[in-house]
Amino acid sequence: MYGQIVRDGLVNVTGIEDLGLTSPVLQRTSDAFFKEISPFLLHFGMFVPTIIGQCTPEQQAKWLPLAMDLKIIGTYAQTELGHGTFIRGLETTATYDASTEQFILKTPKLSSYKWWAGGLGKTANHCIVLAQLYTKGVCHGPHPFIVQIRDTETHMPLPGIKVGEIGPKLGFNTADNGFLGFEDFRIPRENLMMKNAQVTKDGTYVKVARHGKLTYGTMVFVRVMLVSDMAYCLAKAVTIAVRYSAVRRQSQPKPDQPEPQVLDYLTQQHKLFICISTAHAMKLTSTWLWNTFTGVLADMRDGNTDTLPELHALSSCLKAISTSDTSALIEQCRFACGGHGYMYSSNLPALYSFATATRTYEGDYTVLLLQTARFLVKSWEQMDEGKPLTPTLAYLEQSRNGSQVSWDDSPEGIVRGFDAVAAGRIGACVKSIRKHINNGMDYEDAWQMTTVQLVGAAEAHCRAVICRVYRDETARLTAGCSPGVKAVLDQLSTLYLLYWALERTGDLLRFSSLSERDIENLQARYEALLLKIRPNAVGLVDAFDFRDEVLMSTLGSYDGRVYERLMEEALKTPLNREPVSDSFHKYIKPMMQGKL
Ligand SMILES: CC/C=C\C/C=C\C/C=C\CCCC(=O)SCCNC(=O)CCNC(=O)[C@H](O)C(C)(C)COP(=O)(O)OP(=O)(O)OC[C@H]1O[C@@H](n2cnc3c(N)ncnc32)[C@H](O)[C@@H]1OP(=O)(O)O
Ligand SMILES: Cc1cc2nc3c(=O)[nH]c(=O)nc-3n(C[C@H](O)[C@H](O)[C@H](O)COP(=O)(O)OP(=O)(O)OC[C@H]3O[C@@H](n4cnc5c(N)ncnc54)[C@H](O)[C@@H]3O)c2cc1C
């Protein structure tokens with residue numbers, strides 16, 4: 001298994017590199033090689049971006065060509081057995097020895113061992129290690145170091161290195177996630193990645209970056225990328241589920257009628273059409289987020305880090321919500337395919353196991369939403385002090401006078417409704433924190449007592465951002481489309497708004513003038529829209545344009561030969577090589593004869 005996946009991974013990487021293909025094509029062709037994950041994912045996904053983001057130009061000149069030419073294979077080892085979320089609590093240490101101009105790496109306890117890094121177990125010979133930097137007896141916090149862990153000729157672990165694979169997981173079982181321990185392992189001073197902080201030969205620590213969190217820059221980049229990845233992953237899953245639902249016929253609602261396509265059931269449309277809309281919503285939002293990210297990078301190149309907090313808040317909540325929505329909706333796609341959706345050959349299990357992992361890695365869902373909430377509460381307090389709000393929080397102004405937003409069920413009205421919900425929930429959090437403080441709690445405890453509400457407020461903010469971006473970008477991009485295409489894409493964006501308005505009626509009743517009758521109207525409009533989308537459903541997923549080799553699904557292939565493909569795959573299973581398994585003769589027959 002491992003050997004096969006490494007071979008496929010290298011064919012994929014070197015083949016595409018020779019062809020000089022760009023990342024979107026890389027993403028699509030990569031998936032034609034493996035159902036799960038490549039052991040080289042972290043090399044290109046985090047090792048290379050960290051060299052670019054955390055190294056000086058001189059260090060980049062040394063390490064980047066080696067990495068891009070695959071002369072070294074790397075990963076990103078930050079998480080430890082004992083710490084993943086709390087980076088400031090990481091236990092691996094890098095202590096500077098001025099007499100030899102080296103750092104000494106140590107994992108002092110079992111809980112200090114690096115754990116999880118993709119490709120670390122058996123593939124990588126280098127890695128980025130986040131370690132607490134000590135020099136002249138002072139700890140300067142977590143810093144990135146580039147560390148060779150295996151001999152590039154023999155691939156043997158270097159002396160002082162303990163490294164191995166962490167074992168089977170829910171998914172990602174081809175990612176070669178590993179563990180790593182250091183026993184007084186020495187690396188040159190120059191292996192500290194010195195773009196944001198330096199240590200001179202005599203051990204003097206020099207802070208370069210004006211913002212203390214630029215060390216976390218790679219995580220922001222990956223979070224931004226993951227939003228796009230999720231759109232792509234969900235688009236594959238709903239392509240499989242819609243195509244299967246068009247082929248599958250089941251039950252007999254009317255005695256004198258043939259079994260209908262299950263796609264004709266309104267409940268099936270309710271399960272699946274929100275998946276089509278969400279794939280579009282996340283793709284458009286990810287492009288908007290990427291443009292925001294590149295704008296902040298440009299500001300930072302000019303020495304201005306003022307826009308970084310908003311980017312951190314946006315990337316955190318959008319990564320959390322996109323991964324959570326995608327995990328839930330891919331599982332919904334599986335449910336929609338009945339028993340055959342549970343077959344590994346459908347590819348839905350592998351897509352689900354990938355998506356559900358993203359809800360955790362690169363920042364746990366709850367933790368990242370609380371990061372966003374921290375920004376929202378600070379923004380509210382700045383608004384109270386009369387300071388200007390950042391663009392994505394302009395809607396908070398509407399809540400200043402506390403008046404209830406009047407409900408308007410036009411698409412723009414629904415977007416404003418979600419703004420009102422976000423503003424109301426943030427305001428409720430601020431009120432809760434202030435109440436606890438007035439009752440004698442310190443700020444940290446008052447914050448902790450409000451965290452359930454804070455997670456909800458951050459989700460509401462993120463939903464409001466997605467709704468607004470999805471609607472605005474759809475309007476902008478369809479302006480030049482044919483009326484037919486515009487109508488269908490407008491239907492999808494309206495479906496997203498109606499779906500989430502119905503999911504959040506409680507909040508809309510609390511923070512707008514929404515009435516019972518309005519809810520009935522929303523439900524009727526939603527159901528009617530499902531029926532309108534039905535004729536275009538297969539065309540909409542075909543438009544995602546996944547080749548069968550990329551979908552790798554017995555249920556989702558373009559030709560619809562589902563039963564033939566399921567049987568073809570079944571006959572390939574090793575158990576079917578012989579009519580009688582040797583376990584019969586070893587165990588079952590003796591048992592039947594009372595001889596066990
Ligand atoms: C091309 C890519 C394609 C595919 C992806 C590739 C590979 C995918 C496969 C697997 C990859 C998986 C890799 C990993 O999982 S790597 C490990 C990821 N780990 C995490 O994400 C850890 C999450 N924890 C944190 O980020 C932090 O610990 C924290 C939760 C944010 C808390 O940090 P802390 O130092 O305690 O900060 P706070 O005290 O909460 O806040 C202090 C201050 O800093 C600001 N801040 C925090 N983080 C950032 C950031 N990333 N950028 C900017 N600013 C940040 C925070 O807002 C606060 O600011 P104030 O002004 O409010 O003080
Ligand atoms: C498939 C996969 C691949 C990975 N690849 C890598 C990799 O390549 N490199 C790498 O370095 N890491 C990697 N990771 C590790 C990943 O980054 C961590 O698992 C993730 O950051 C979560 O940290 P944790 O596991 O310590 O969970 P914890 O933070 O221990 O979370 C456990 C629970 O505690 C809660 N919690 C924690 N802190 C708070 C808080 N402040 N407030 C409220 N609740 C809190 C969480 O919400 C969660 O419910 C990978 C993980 C997975 C699953």
Side-chain angles (χ1 to χ4, degrees), residues 46-47 49-64 67 72 74-115 117 120 126-149 157-163 180-220 300 303 305 308:
M46 293 195 78
F47 183 72
T50 306
I51 292 172
I52 296 167
Q54 305 288 328
C55 281
T56 62
E58 297 74 21
Q59 290 178 315
Q60 289 188 46
K62 173 182 177 184
W63 295 106
L64 209 45
I72 62 175
T75 184
Y76 183 89
Q78 174 177 294
T79 302
E80 297 171 352
L81 260 176
H83 288 91
T85 287
F86 189 49
I87 300 173
R88 286 185 288 133
L90 291 175
E91 297 168 12
T92 299
T93 59
T95 305
Y96 186 64
D97 176 354
S99 68
T100 61
E101 296 183 21
Q102 293 172 319
F103 284 98
I104 305 164
L105 292 176
K106 284 184 182 178
T107 46
K109 300 185 291 182
L110 177 61
S111 58
S112 319
Y113 266 61
K114 294 300 177 187
W115 189 274
L120 177 61
H126 284 69
C127 63
I128 310 290
V129 173
L130 269 290
Q132 302 286 358
L133 190 160
Y134 284 83
T135 180
K136 296 185 177 179
V138 176
C139 179
H140 295 276
H143 286 67
F145 297 82
I146 193 160
V147 184
Q148 180 173 351
I149 58 171
L158 298 178
I161 293 286
K162 296 277 187 203
V163 63
L180 172 65
F182 299 104
E183 289 170 348
D184 293 335
F185 187 76
R186 288 176 173 267
I187 60 174
R189 177 181 67 91
E190 295 79 5
N191 282 40
L192 166 63
M193 305 176 99
M194 296 202 209
K195 180 176 182 179
N196 297 316
Q198 294 169 5
V199 169
T200 61
K201 289 183 179 179
D202 70 354
T204 304
Y205 180 82
V206 180
K207 193 170 189 50
V208 176
R210 289 177 48 208
H211 195 289
K213 295 300 180 182
L214 297 187
T215 302
Y216 296 175
T218 303
M219 292 186 284
V220 176
M300 284 169 39
T305 59
L308 181 58

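- Between the side chains of T204 and K136, a donor-acceptor pair is found at a separation under 3.5 Å.
- Among all heavy-atom pairs drawn from V138 and H140, the shortest one is O-CD2, 3.4 Å.
- No side-chain heavy atom of Y113 sits less than 4.5 Å from a side-chain heavy atom of L180.
- With sequence neighbours excluded, the residues satisfying ring-ring contact (aromatic ring centres under 6.0 Å, His included) with F145 are F103.
- The CD1 atom of I161 sits 9.5 Å away from the CD atom of Q148 when rounded to the nearest 0.5 Å.
- Counting only residues at least two apart or in different chains, side chain to side chain donor-acceptor pair (under 3.5 Å) contacts with residues 86-98 comprise E80-T92, E91-S111, E91-S112, D97-S99, D97-T100, D97-R186.
- Side-chain atoms of L81 and L110, non-hydrogen and from C-beta on, do get closer than 4.5 Å to each other.
- Expressed to the nearest 0.5 Å, how far OH of Y76 lies from SG of C127 amounts to 11.5 Å.
- Shortest non-hydrogen contact noted between I149 and H126 is CG1-N, 4.1 Å.
- Looking at every heavy atom in both residues, P157 comes nearest to V163 through CG-CG1, 3.7 Å.
- N191 is not listed as a side-chain neighbour of Q59, based on a closest heavy-atom distance of 4.5 Å or more.
- Of all non-hydrogen atoms in Q60 and I52, the two that sit nearest each other are NE2-O, 3.3 Å.
- Counted within 6.0 Å of NZ on K207, heavy atoms from surrounding residues, nucleotides or ligands total more than 12; the atom is thus considered enclosed.
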Is there a side chain to side chain contact (heavy atoms under 4.5 Å, CB included) between K114 and K162 once you walk through the steps?
CA-CA 10 Å; K114 294 300 177 187; K162 296 277 187 203; over 6 Å; no
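- Inter-residue side-chain proximity for F182 and D184 is flagged as unmet; no heavy-atom pair is nearer than 4.5 Å.
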Using side chain to side chain contact (heavy atoms under 4.5 Å, CB included), reason through M193 and V129 one step at a time and then give a plain yes or no.
CA-CA 10 Å; M193 305 176 99; V129 173; over 6 Å; no
Would you sort out whether V206 and T200 count as a side chain to side chain contact (heavy atoms under 4.5 Å, CB included), showing the intermediate values?
CA-CA 8 Å; V206 180; T200 61; 4.1 Å; yes
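- Side-chain contact between M46 and I128 is absent, with no heavy-atom pair separated by less than 4.5 Å.
- Taking both residues in full, the closest heavy atoms of V208 and K195 are given as CG1-O, 3.4 Å, listed atom of the first, atom of the second, then distance.
- Side-chain N/O atoms of Q132 and Y134 include no donor and acceptor closer than 3.5 Å.
- Residues L105 and A131 approach most closely at CD2-CB, 4.3 Å, considering heavy atoms.
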Quick one, M219 with Q78, criterion side chain to side chain contact (heavy atoms under 4.5 Å, CB included). Give me CA distance, side-chain angles, the key distance, then yes/no.
CA-CA 11 Å; M219 292 186 284; Q78 174 177 294; 3.5 Å; yes
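- From E183, atom CD reaches atom CD1 of I104 across 14.0 Å, with rounding to the nearest 0.5 Å.
- Every ring-ring contact (aromatic ring centres under 6.0 Å, His included) that H143 has, sequence neighbours left out, goes to Y205.
- Residues E190 and Q102 form no side-chain contact, since every pair of their non-hydrogen atoms from C-beta on lies 4.5 Å or further apart.
- Of the possible donor and acceptor atoms, none in the side chain of T75 sits under 3.5 Å from a partner among the backbone N and O of L120.
- How far CG of L90 is from CG of L130: 6.5 Å, rounded to the nearest 0.5 Å.
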